[in-house]
Structures are given as structure tokens and as C-alpha cells.
Amino acid sequence: MIKFFKKLFKPKNENSVAFRVEMAKHLSGRAIKYCSERDPETSVDTVIGHAGSMSIKDDEFIVLSSSDIVFRCKVTELRAWELMSKDGAMLSAPDLTHDGQERTIMVYYTYYIK
């Protein structure tokens, strides 16, 4: 019964901590085909990793790809949204692996037939 009410009353404000935590939980555990980053100066997408996953460890959201951590941030600072096609997601936050530099990356999901 409680799960029903949680689904019914999901946080709507995208800037709230509750929404950010809920979105991180939604994305956690997903397998990714590849991830890329757009250069803000040239608007060119660069692939930064292949075959990986997204997960939450302690209070950090981690994107693991090509056997390396390509993106790591605090869950409460993560701004994430799914693409309209539901093929992937955009993640934006101060990246702890790059000295707190604000980064935006795109991850594309791997699909498994169930």
C-alpha cells in the first residue's frame, strides 16, 4: 500500500533533493551501451566509454564505463533526465573525478529482451 502512494505522489520539483535522489535510484543498476560528453565550445560529442553501468555507492552516483569511472558525483547534486525516446539519459553535476568541474554526459542504455 505504501509503494502505491509513493508512486502516486512522486516529487515533481526537479530542483528538489527528493527528486534528485528518486531519479538516481531510478537510473541505478542500468546497463549502458556507451556514454559521451559534448564539448561546450565546439558542440562535438566525444565517446568517453563503452559497456558499463550506473550505480549508487554510499552517497555517490557512479558511472562505470570501459572499466573506469567516467563520472562520479554526490546524489544530492545530480541533475538527471531521461531522453524522450527512453533510450538513455543526460547527467549533469560537479564531477568528483575531475576536481569538481561541472560536466554533462549522455548515457545510452543496453536493452535486454525479457
Side-chain angles (χ1 to χ4, degrees):
M1 186 71 156
I2 294 174
K3 287 184 181 181
F4 172 74
F5 285 115
K6 283 187 177 182
K7 285 184 180 181
L8 189 62
F9 298 110
K10 286 185 178 180
K12 304 283 190 239
N13 182 2
E14 294 179 1
N15 293 321
S16 71
V17 173
F19 181 87
R20 292 176 183 198
V21 170
E22 188 70 29
M23 184 57 97
K25 287 179 183 178
H26 174 72
L27 295 174
S28 180
R30 297 246 183 165
I32 57 175
K33 190 184 316 181
Y34 66 95
C35 54
S36 63
E37 181 177 20
R38 179 167 290 163
D39 183 8
E41 295 174 5
T42 62
S43 297
V44 175
D45 288 342
T46 306
V47 175
I48 57 175
H50 294 278
S53 64
M54 296 181 281
S55 62
I56 296 174
K57 181 168 170 82
D58 297 329
D59 64 339
E60 293 182 348
F61 187 83
I62 298 170
V63 178
L64 179 69
S65 186
S66 295
S67 300
D68 194 23
I69 295 175
V70 295
F71 186 79
R72 182 172 60 105
C73 69
K74 298 286 185 186
V75 171
T76 56
E77 296 176 349
L78 176 67
R79 291 178 310 282
W81 57 96
E82 285 192 303
L83 302 176
M84 288 179 68
S85 63
K86 301 291 186 193
D87 288 342
M90 300 280 290
L91 311 172
S92 183
D95 189 358
L96 299 175
T97 59
H98 288 85
D99 300 324
Q101 175 186 355
E102 182 76 24
R103 290 179 66 205
T104 301
I105 67 168
M106 295 162 277
V107 293
Y108 297 91
Y109 307 141
T110 301
Y111 289 102
Y112 295 104
I113 298 173
K114 294 183 181 180

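Because the structure is predicted, anything quoted here is derived from the model rather than measured.
In this structure, the side chain of Ser53 does not engage the main chain of Gly29 through any donor-acceptor pair within 3.5 Å.
Distance OG/Ser65 to CE/Met54: 10.5 Å, rounded to 0.5 Å. Rounding to the nearest 0.5 Å gives a distance of 8.0 Å between CD1 of Ile105 and OG of Ser36. Atoms OG1 and CD1, on Thr110 and Ile32 in that order, are 7.5 Å from each other to the nearest 0.5 Å.
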N/O donor to acceptor pairs below 3.5 angstrom from side-chain atoms of residues 67-78, sequence neighbours left out:
from  : atom 1 : to    : atom 2 : distance (Å)
Arg72 : NH1    : Glu60 : OE1    : 3.2
Arg72 : NH1    : Glu60 : OE2    : 3.2
Lys74 : NZ     : Asp59 : OD2    : 3.4

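Scored by the side-chain hydrogen bond (donor to acceptor under 3.5 Å, both in side chains) test, Asp99 finds no partners at all (sequence neighbours excluded). For the side-chain hydrogen bond (donor to acceptor under 3.5 Å, both in side chains) test, no residue two or more places apart in sequence or in another chain qualifies with Ser43. Remark: Tyr34 engages Tyr108 in a ring pair (Phe, Tyr, Trp, His ring centres under 6.0 Å) (not counting sequence neighbours). For Lys25, the side-chain contact (heavy atoms from CB on, under 4.5 Å) criterion is met by Val21, Ile56, not counting sequence neighbours. Remark: His98 engages Asp95, Arg103 in a side-chain hydrogen bond (donor to acceptor under 3.5 Å, both in side chains) (not counting sequence neighbours). Among residues two or more places apart in sequence or in another chain, the side-chain contact (heavy atoms from CB on, under 4.5 Å) test is passed with Glu82 by His26, Leu27, Arg30, Lys86, Ala89, Tyr109. Applying the side-chain contact (heavy atoms from CB on, under 4.5 Å) criterion to Thr42, with sequence neighbours excluded, gives Asp39, Val44. Listed by chain and number, the residues in a salt bridge (charged side-chain N to carboxylate O under 4.0 Å, His left out) with Asp45 are Arg38 (sequence neighbours excluded).
In the hydrophobic clustering, Met84 connects to no other residue, as no ILVMFWY side-chain heavy atoms lie under 4.5 Å from its own.
In this structure, Trp81 is a member of the same hydrophobic cluster as Met106, with clusters built from ILVMFWY side-chain heavy atoms closer than 4.5 Å. In the hydrophobic clustering of this structure, Ile48 groups with Val63; members are Ile, Leu, Val, Met, Phe, Trp, Tyr whose side-chain heavy atoms approach within less than 4.5 Å, directly or through other members.
In terms of heavy atoms, Ser66 sits closest to Gly49 at OG-CA, 3.3 Å. Shown here for Gly100 and Pro94, the closest heavy-atom pair between the two residues is O-CB, 3.6 Å.
Sequence neighbours left out, not one pair with a member in residues 36-67 passes ring pair (Phe, Tyr, Trp, His ring centres under 6.0 Å).
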